[in-house]
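Note that ligands are numbered from 1 as they come in the structure, with each ligand's atoms numbered from 1 the same way. Position 1 is the first residue of the sequence; numbering continues from there.
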Amino acid sequence: MAVLPILTGEKIPILRRKSQHVKGVTKEITKLIADMEDTLIHAEGLGLAAPQVGSPLSLCLARIGNRTIALINAEITWQSHETDAMEEGCLSLPGILVTVSRPTSIIVQYTDTKGKMQERSLSDLDARVVQHEIDHLNGILIIDYMLPHSGKNQTVMKI
Ligand code: ZN
């Protein structure tokens with residue numbers, strides 16, 4: 001297990017590309033997940049996507065409750081009409097905070113570390129963290145949401 005360097009900067013090509021479907025939970029994938037867990041704990045973040053550590057794969061971690069879950073090939077299959085705005089940071093964009101409006105609740109489908117399909121219903125901060133990570137898997141960064149400041153809900157978080 002190892003703490004991996006986190007890529008930073010909006011111009012890093014891998015942070016702007018759509019990630020690649022993971023075909024199976026191989027030993028390499030299990031190792032990458034373990035290393036990403038170490039990296040996330042070290043960075044004291046709420047989530048981490050594989051492109052942030054230089055991997056092109058569709059894989060991310062999210063802190064849900066007080067557990068870290070790994071989501072492979074995650075896809076949002078439902079989102080609420082209700083949205084919520086909150087200031088977000090990003091481990092790949094140090095020092096930048098952007099107020100991002102996102103659906104309050106989502107349903108996400110993904111493959112777990114045992115290769116089993118899972119479906120979870122998430123809301124509030126849990127839903128926000130997973131949406132932020134899935135954005136990374138689609139090459140989207142918080143700076144893409146820059147809008148005139150809403151002034152609402154100024155809670156600061158690192159994802
Ligand atoms: Zn991020």
> Can you measure from CG (L48) to NE2 (H136) and round to the nearest 0.5 angstrom?
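Interatomic distance, L48 CG to H136 NE2, rounded to 0.5 Å: 8.0 Å.
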> Evaluate salt bridge (charged side-chain N to carboxylate O under 4.0 Å, His left out) for K31 paired with D35, printing each intermediate quantity in order.
CA-CA 6 Å; K31 166 136 186 13; D35 288 347; 2.7 Å; yes
> Which protein N, O or S atoms lie under 2.8 Å from the Zn ion (ligand 1), given by chain and residue number?
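Counting only protein N, O or S atoms under 2.8 Å from the Zn ion (ligand 1), the list reads C90 SG, H132 NE2, H136 NE2.
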> Under the salt bridge (charged side-chain N to carboxylate O under 4.0 Å, His left out) rule, collect the residues that match up with R17, sequence neighbours excluded.
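With neighbours one apart ignored, the set is empty.
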> Distance from L59 atom CG to L137 atom CG, nearest 0.5 Å?
7.5 Å
> Can you name the closest pair of heavy atoms from P51 and L7 and give their distance?
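Closest approach of P51 to L7: O-CD1, 3.5 Å.
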> Donor-acceptor pair, S58 side chain versus V22 backbone, under 3.5 Å?
no
